[in-house]
Protein chains: 4
Amino acid sequence: MRKANQIFQGAVDAFAEKGFDRATMDEVAERAGVAKGTLYYHFVGKEELICFLMEEGIGQLSSAVAEAVAQTDDPQGQVRAAIGAMVAYSNENRKFCQLLVKCIWSNAERQEQFREILQSYFDRLTGILNHGIHRGVFQPQPMEWAPSAWFGLVTIVILRVILQGQATDQERLVDYLYTQYMYGIIGRDIKTPN
Amino acid sequence: MRKANQIFQGAVDAFAEKGFDRATMDEVAERAGVAKGTLYYHFVGKEELICFLMEEGIGQLSSAVAEAVAQTDDPQGQVRAAIGAMVAYSNENRKFCQLLVKCIWSNAERQEQFREILQSYFDRLTGILNHGIHRGVFQPQPMEWAPSAWFGLVTIVILRVILQGQATDQERLVDYLYTQYMYGIIGRDIKTPN
Amino acid sequence: MRKANQIFQGAVDAFAEKGFDRATMDEVAERAGVAKGTLYYHFVGKEELICFLMEEGIGQLSSAVAEAVAQTDDPQGQVRAAIGAMVAYSNENRKFCQLLVKCIWSNAERQEQFREILQSYFDRLTGILNHGIHRGVFQPQPMEWAPSAWFGLVTIVILRVILQGQATDQERLVDYLYTQYMYGIIGRDIKTPN
Amino acid sequence: MRKANQIFQGAVDAFAEKGFDRATMDEVAERAGVAKGTLYYHFVGKEELICFLMEEGIGQLSSAVAEAVAQTDDPQGQVRAAIGAMVAYSNENRKFCQLLVKCIWSNAERQEQFREILQSYFDRLTGILNHGIHRGVFQPQPMEWAPSAWFGLVTIVILRVILQGQATDQERLVDYLYTQYMYGIIGRDIKTPN
DNA sequence: TATGAATGAGCGTTCATTCAT
DNA sequence: GATGAATGAACGCTCATTCAT
């Protein structure tokens with residue numbers, strides 16, 4: 001198990017920097033500190049390693065979001081908690097988040113393999129929104145687009161932050177993303193009646 | 001010029017489907033309907049072809065946005081026009097838009113090459129936002145994140161739509177994106193007054 | 001004919017620097033100041049151009065030697081005149097001489113094509129030696145090797161001089177080559193009884 | 001090491017026949033009896049393989065000469081021993097010697113890479129000559145040309161012999177080269193006194 | 001005569017994968 | 001379990017040659 005974990009880390013490192021296709025198995029092995037053959041002892045091949053990575057990572061992210069959301073029943077509080085969890089996760093797993101955003105749509109074939117994993121994450125986001133709509137707090141929305149919008153908004157900003165490389169005030173970032181997503185660019189004071 | 005244009009189309013086709021790295025120059029040539037050597041007669045190499053593609057495409061998108069925005073002075077109207085232009089462009093250039101979103105962050109080295117091009121597009125978005133803020137219509141925002149948020153929101157939803165493949169009511173999509181971006185998930189009731 | 005000559009010069013330039021195989025027809029055309037198609041209008045192909053070059057060049061060298069040798073009947077004088085002609089020719093045609101030495105044995109197939117041309121040059125050298133031997137001035141020698149020895153001695157030193165690039169005292173060079181070839185490293189005074 | 005040696009042999013074979021540029025890595029691999037990828041596992045690339053070949057080969061030749069020369073202190077004996085070693089080496093390594101002469105000046109870039117290796121060999125020849133000059137046995141000579149002259153004389157004759165392909169009386173060849181180099185075409189009667 | 005856009009066979013190189021140890 | 005030498009299919013790219021103008 002030791003080695004398998006080393007490989008996981010090495011793979012995230014290598015893939016995040018070079019992308020799935022340009023990172024070689026040699027590089028993965030080197031960053032993982034194992035011999036190339038060992039990669040194939042633990043994983044069937046490169047594509048399987050990539051799949052494992054994505055499943056594992058998105059699963060973790062999804063769990064983190066679920067856990068955060070479970071703390072409150074208030075729809076707005078849930079959205080804030082979810083965004084908070086996303087930002088926190090991305091901060092602790094910069095490499096993986098880079099990888100996630102950069103490579104998730106890289107290629108039509110892999111697309112197919114990730115769809116299921118990603119769908120479960122989107123379903124979670126959809127659930128949160130539906131809860132708020134059901135409560136009458138959020139407006140009814142076209143649900144075929146809503147999770148993508150949320151995902152895109154949060155994810156691309158986070159990627160920007162990661163790529164910039166400089167330290168960021170997490171609190172402020174969550175605040176911005178939450179406000180933007182909840183109230184748009186027009187802003188809170190115009191419309192939060194509560 | 002004839003051939004160069006064929007190559008452009010073939011390259012967009014091939015790269016959109018397979019990604020920059022998995023699409024081979026043979027495939028590009030085949031889809032363009034030219035011999036492989038012809039690719040290299042018109043472009044220095046694969047990376048240069050990729051760069052040319054991105055510059056050309058983002059340039060077109062950026063111009064389309066600029067043109068749409070120029071029609072009105074009203075900040076909200078400008079945002080709506082911009083989103084309308086984005087959706088329209090993506091509808092007319094599905095392949096390129098796929099390519100844009102899927103591949104723009106693919107790889108650290110290319111990242112660098114695209115930064116300048118993408119920045120000019122982001123600057124355009126920033127300009128629109130600043131105009132609205134100046135007018136007091138939009139809330140002041142952290143401008144290091146604002147264009148990314150806009151870009152991410154619109155782009156990822158559009159990508160979803162394109163990948164789904166089914167025909168979409170453009171009007172309704174623009175409506176959704178505009179409302180979401182302008183008022184967030186909460187504030188639909190304060191619709192655009194026009 | 002203008003163009004054909006330009007091509008000749010361009011080809012010598014390009015081939016001398018890069019060798020027959022690494023110099024491209026594009027480079028030849030560029031250095032000749034003609035379009036690539038023009039090369040093929042005047043010459044059947046690359047190999048034919050190479051052959052033409054070698055025949056022309058060796059022919060010129062051979063003629064220069066013949067002319068110089070014709071001036072005297074004295075065997076030693078003939079050798080000296082021949083070496084003088086070789087050095088003079090190499091000085092006026094540095095590029096071609098470089099080409100000659102560097103590329104003449106480059107490749108088994110071309111070898112075959114040059115053999116005849118080169119043989120005529122070797123025959124000329126053989127003739128000079130035979131004349132001296134017949135007169136009893138030169139020692140009888142294994143004639144299958146003698147012209148090669150002469151050719152190698154003179155040619156490799158000349159190449160060295162050309163490659164060094166610095167200006168050389170022609171007189172001194174001829175002196176050295178003549179003495180070395182005529183009397184060996186032991187030197188003249190020990191053995192020239194006359 | 002097994003494979004590396006096979007590659008060495010295959011490379012010498014292929015390059016000797018076709019020249020560095022026309023021999024392909026496929027041919028090298030085939031003659032070496034290994035897969036093409038194996039070539040690149042052991043050597044960085046074609047040019048590095050070429051360099052390794054030349055260094056190794058000239059190194060061996062140089063060592064053989066050094067060893068032969070070390071047997072005697074007599075200048076003329078040293079020259080004879082050196083030429084004997086050259087001929088012997090060329091007889092045992094026909095392919096490499098072909099390669100050496102045919103390709104050593106093939107191309108300006110490679111020129112530069114070989115200069116150092118070749119220089120060490122020329123230095124050895126220069127050392128032998130200086131010894132004889134110091135002893136007063138050889139005439140003082142322009143040392144910038146002397147090793148080239150020796151090298152050219154011996155080498156080109158040897159190449160001729162190799163290319164002719166027929167069996168040669170080594171003894172007689174050494175005799176001829178020695179006499180020619182030591183006494184020139186004139187002075188055979190003053191033979192080595194041994 | 002002269003051109004240069006277009007071609008495609010062929011090259012050097014890479015890299016995911018295998019397998020004997 | 002773990003290794004790394006060996007493999008070969010496949011890639012990006014080159015360049016001699018052709019041909020419509």
Side-chain angles (χ1 to χ4, degrees), chain A residues 1-4 6-7 20-30 32-50, chain B residues 1-4 6-7 21-30 32-49, chain C residues 1-4 6-7 20-30 33-50, chain D residues 1-4 6-7 21-30 32-50:
Chain A
M1 274 310 97
R2 195 85 264 260
K3 296 267 171 183
Q6 279 176 250
I7 293 172
F20 286 141
D21 295 311
R22 290 178 92 88
T24 68
M25 291 299 264
D26 280 85
E27 284 166 332
V28 171
E30 196 191 321
V34 302
K36 191 161 39 158
T38 310
L39 262 43
Y40 288 86
Y41 184 81
H42 288 275
F43 297 91
V44 175
K46 193 182 186 182
E47 292 303 316
E48 288 69 23
L49 175 56
I50 289 172
Chain B
M1 274 306 98
R2 189 94 273 259
K3 295 270 173 182
Q6 278 176 251
I7 293 172
D21 294 311
R22 291 178 90 87
T24 70
M25 290 300 263
D26 280 270
E27 283 166 336
V28 170
E30 197 190 320
V34 302
K36 190 166 29 164
T38 310
L39 262 43
Y40 289 88
Y41 187 80
H42 290 274
F43 297 91
V44 175
K46 192 182 187 181
E47 293 302 316
E48 288 70 23
L49 176 55
Chain C
M1 273 308 98
R2 193 86 266 257
K3 296 267 172 183
Q6 279 176 251
I7 292 171
F20 286 141
D21 295 310
R22 291 178 90 88
T24 69
M25 291 299 264
D26 281 85
E27 284 167 332
V28 170
E30 196 192 320
V34 302
K36 190 160 45 158
T38 311
L39 262 43
Y40 289 86
Y41 184 79
H42 288 275
F43 297 92
V44 176
K46 192 181 187 183
E47 293 301 317
E48 288 69 23
L49 176 55
I50 289 172
Chain D
M1 272 307 97
R2 188 96 271 261
K3 295 271 172 180
Q6 279 177 249
I7 293 171
D21 293 311
R22 291 179 90 87
T24 70
M25 289 300 263
D26 279 272
E27 284 166 334
V28 170
E30 197 189 320
V34 301
K36 195 173 15 171
T38 310
L39 261 44
Y40 289 87
Y41 187 79
H42 289 275
F43 297 91
V44 175
K46 193 181 187 184
E47 292 302 315
E48 288 70 23
L49 176 55
I50 289 172

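No hydrogens, no waters, no symmetry mates; every other heavy atom, side chains included, goes into these values. The sequence lines fix the lettering, A, B, ..., with proteins before strands; numbering per chain opens at 1.
One donor-acceptor pair, N or O on each side, does fall under 3.5 Å between the base of E:dT17 and the side chain of A:K36.
One interatomic measurement links the two molecules: CD1 of C:I7 to C1' of E:dA2, which rounds to 10 Å at whole-angstrom precision. Remark: P of F:dC11 and CD of B:E30 are 12 Å apart, rounded to the nearest angstrom. Between A:D26 atom CG and F:dA6 atom P the separation is 15 Å, expressed in whole Å. Separating the NZ atom of C:K46 from the C1' atom of E:dA9 is a distance of 15 Å, rounded to the nearest angstrom. Atom-to-atom, CZ of D:R2 to C1' of E:dA20 comes out at 17 Å; the value is rounded to the nearest Å. Distance CD (C:E48) to P (F:dA16): 13 Å, rounded to an integer number of Å. Distance, C:F20 CZ to F:dC15 C1': 17 Å, rounded to whole Å. Across the protein-nucleic acid pair, C:F43 atom CZ and E:dT1 atom C1' stand 15 Å apart, rounded to whole Å.
Closest approach to the B:Y40 side chain among F:dA6, E:dG8, F:dT14 is made by F:dT14 (side chain taken as heavy atoms from C-beta onward). When distances run from any side-chain atom of D:T38 to the nucleotides E:dT3, F:dA6, E:dG12, the shortest one goes to F:dA6. Counting only heavy atoms from C-beta on, A:A35 has its side chain closest to F:dT3 among F:dT3, E:dT7, F:dG1. Here the side chain of A:M25 is nearest to one of E:dA6, E:dC11, E:dA16, namely E:dA16. Relative to the side chain of B:K3, the nucleotides F:dG12, E:dT17, E:dA6 differ in distance, and E:dA6 lies closest.
DNA chain E is contacted by both D:V44 and D:R22; D:R22 maps to the nucleotide lying nearer its 5′ end (nearest heavy atom per residue). Checking B:G37 against D:G33, the closest nucleotide of DNA chain F that is more toward the 5' end is the one next to D:G33. Toward the 5' end of DNA chain E, the nearer of the two residues D:D21 and B:L39, judged by each one's closest nucleotide, is B:L39.
Annotation: side-chain hydrogen bond (donor to acceptor under 3.5 Å, both in side chains) contacts of D:E47 (sequence neighbours excluded): D:R110.
Base pairing analysis places E:dT21 opposite F:dA2; the two distances defining the Watson-Crick or G-U wobble pair are each below 3.5 Å. Shown here, E:dT13 forms a base pair with F:dA10; the pair counts as Watson-Crick or G-U wobble because both key distances fall under 3.5 Å.
A close approach under 4.0 Å does not occur between any side-chain nitrogen or oxygen of A:H42 and OP1 or OP2 of F:dG1. The side chain of C:Y41 contributes an N or O atom lying less than 4.0 Å from OP1 or OP2 of E:dT1.
For the pair D:D21 and C:D21, the tightest heavy-atom approach, listed with the atom from each and the gap, is CB-CB, 3.5 Å.
Atom NZ of C:K36 sits about 11.0 Å away from atom CD of C:E27, to the nearest 0.5 Å. Rounded to the nearest 0.5 angstrom, D:M25 CE and D:L49 CG are separated by 5.5 Å. In this structure, CG on C:L39 lies 10.5 Å from NZ on C:K46, to the nearest 0.5 angstrom.
Within 4.0 Å of C:A29, counting heavy atoms only, lies no atom of the nucleic acid at all.
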